[in-house]
Amino acid sequence: MNNVGNFSNMTEGYRHQVKLPAGELTVYAAQQLFSSLDYKVFEMANNNLQIPDISYMGYTPDVHVGVGTCIGTTVVWEAQSGYVSPSIVGSDIGCGMRVHLTNLHKDDLKDLKLRRKLVKAIEKVLPMEASQRGHFSDIRLEHIVKKGLHGLPKKYIPDSYTPKKSTSLTHVESSKFTYDENVLNLVPDMTWHRSHRQLGTLGGGNHFAEIQAIEIAEENREVAEAWGLYDGQIAVMIHSGSRAWGGYVSQTSSTAIAKVMQRLGLGTSDPRLVFAPLEHAEGRHYVNMMYSALNYAVVNRHLIAYAIREAFRDVFGSKCEFRTLYDLMHNYAWEESHAERGSVFVHRKGATRALPAGHQDNPKPYMATGHPALIPGSMGTASFIMVGQPEGSDNYYSICHGAGRVRSRTATKRLVTVEDFATALGVGTADEIVVNQRSLESIIDESPQAYKNVDEIIDSVTGAGLAQVVAKCKPLAAVKGAK
DNA sequence: ATGTAC
């Protein structure tokens, strides 16, 4: 039984306007996908809609249950009178994707032994174990959380620092978040130490670095060419977040905000859903701390890319290019300006912003096309590079952030065998997707069988008119972090 | 997600 009771919905194509007791929710999904959604995601929406003054709440087709708020959620308040919620941002603050483009062709990696050699070379330079010391002990963490990429020593910026050109390794729009740095005084020494040690590490769960081959979508060949993509090109995709730093921010802020809620008499049916007025001291404190975690996350991905670049140069020589395509988060909240809606505070939890051509918030190099929206698939399946469409404004330009889980990690471990997983990766064939982990057993909860079919998710996003595919990225090798 | 939890 569901606790939401009867709710009605109006469906128009891929858009479902759902009327819940506490308010309205828009879901973007093909009919079949919409019908198959777990009723719990609607219960969760109904809890979230009990937070006062929400202007908009939307779900992307990969939506699934999370703590307090579903992954795949966009929630918007007016910037003047809004709320901020650590539960809606999610615990891995600043988690996101990064893509680098090489000048290699997939034929260069045809040889299975060479793919294995490349993965070994990556393992050599990339810190793997959470407990292992990072390789970046000369970096000042204080500079990183304060200045983002601008806090890195020059040696970690191998390409010339030219923000106007998309070819720079540092050119990402979220290179620096500014905030009241006094909040950092409260961070315990233990968190500083641990976070410093973890710089440049992938972390666990669904985080990965993948070597992929690009396949251009014919209908967007012009956009692909403008971005420097071509068929068969080798790209590197990275998925990681803010590690222990973001974990600390999330945990302590949630506890503090829960106390504020008690004092203010705020709450919903779910005690794990915490939120505070943006103007409240504790709300502001969280926003400041969240921004420090966004700086951490983008630098973390940058350093992972830096290490992998070294491995590529080790195997393919110093002429191997490794330019940044983009770096894009899918767990955060910030202020945005939207036409006719003015200044709004947008939360995205497992939701990727995809701006269309001409939107003023595009960084200059992507103004004419829209910026690349980076969407990971599950292990062994394709990932996607997309571009936003004007119709996306209805969902505040949020699109999916991946395939979306269909079963929990524990259920996956129970139901999926190592053999199934190995088959999905093509183990034993010449096309095997090489994985760094010695035993697949240890990462079986990340097998494709744990996820929805990413192609169906992408079909829903394109069908709803939110974004289009520019390139499909097929995995050749994957590096997963270890627990 | 997180050197994990009443």
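The sequence lines fix the lettering, A, B, ..., with proteins before strands; numbering per chain opens at 1.
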When the distance from [atom1] of [X] to [atom2] of [N] is rounded to whole Å, what number comes out?
X        : N     : atom1 : atom2 : answer
A:Arg272 : B:dC6 : CZ    : P     : 12 Å
A:Met190 : B:dT4 : CE    : C1'   : 14 Å
A:Arg409 : B:dT2 : CZ    : P     : 9 Å
A:Arg243 : B:dT4 : CZ    : P     : 12 Å
A:Gln198 : B:dT4 : CD    : C1'   : 13 Å

Enumerate the residue pairs fulfilling salt bridge (charged side-chain N to carboxylate O under 4.0 Å, His left out) with a member in residues 449-464 of chain A, sequence neighbours excluded, ordered by first and then second residue.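 Every salt bridge (charged side-chain N to carboxylate O under 4.0 Å, His left out) pair that includes a residue of residues 449-464 of chain A, provided the two are not neighbours, is A:Asp455-A:Lys472.
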
Could you note down all residue pairs passing salt bridge (charged side-chain N to carboxylate O under 4.0 Å, His left out) where residues 282-298 of chain A supplies at least one of them, sequence neighbours left out?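 As it turns out, the salt bridge (charged side-chain N to carboxylate O under 4.0 Å, His left out) pairs with a partner in residues 282-298 of chain A, which skip direct neighbours, are A:Glu279-A:Arg284.
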
Need to verify one output field. Residue with the more 5' nearest nucleotide on DNA chain B, A:Gln251 or A:Ser240?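 Per heavy-atom nearest nucleotide, the more 5' residue is A:Ser240.
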
Least distance between heavy atoms, A:Asn295 atom then A:Tyr179 atom: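 So the two residues come closest at ND2-CE2, 3.7 Å.
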
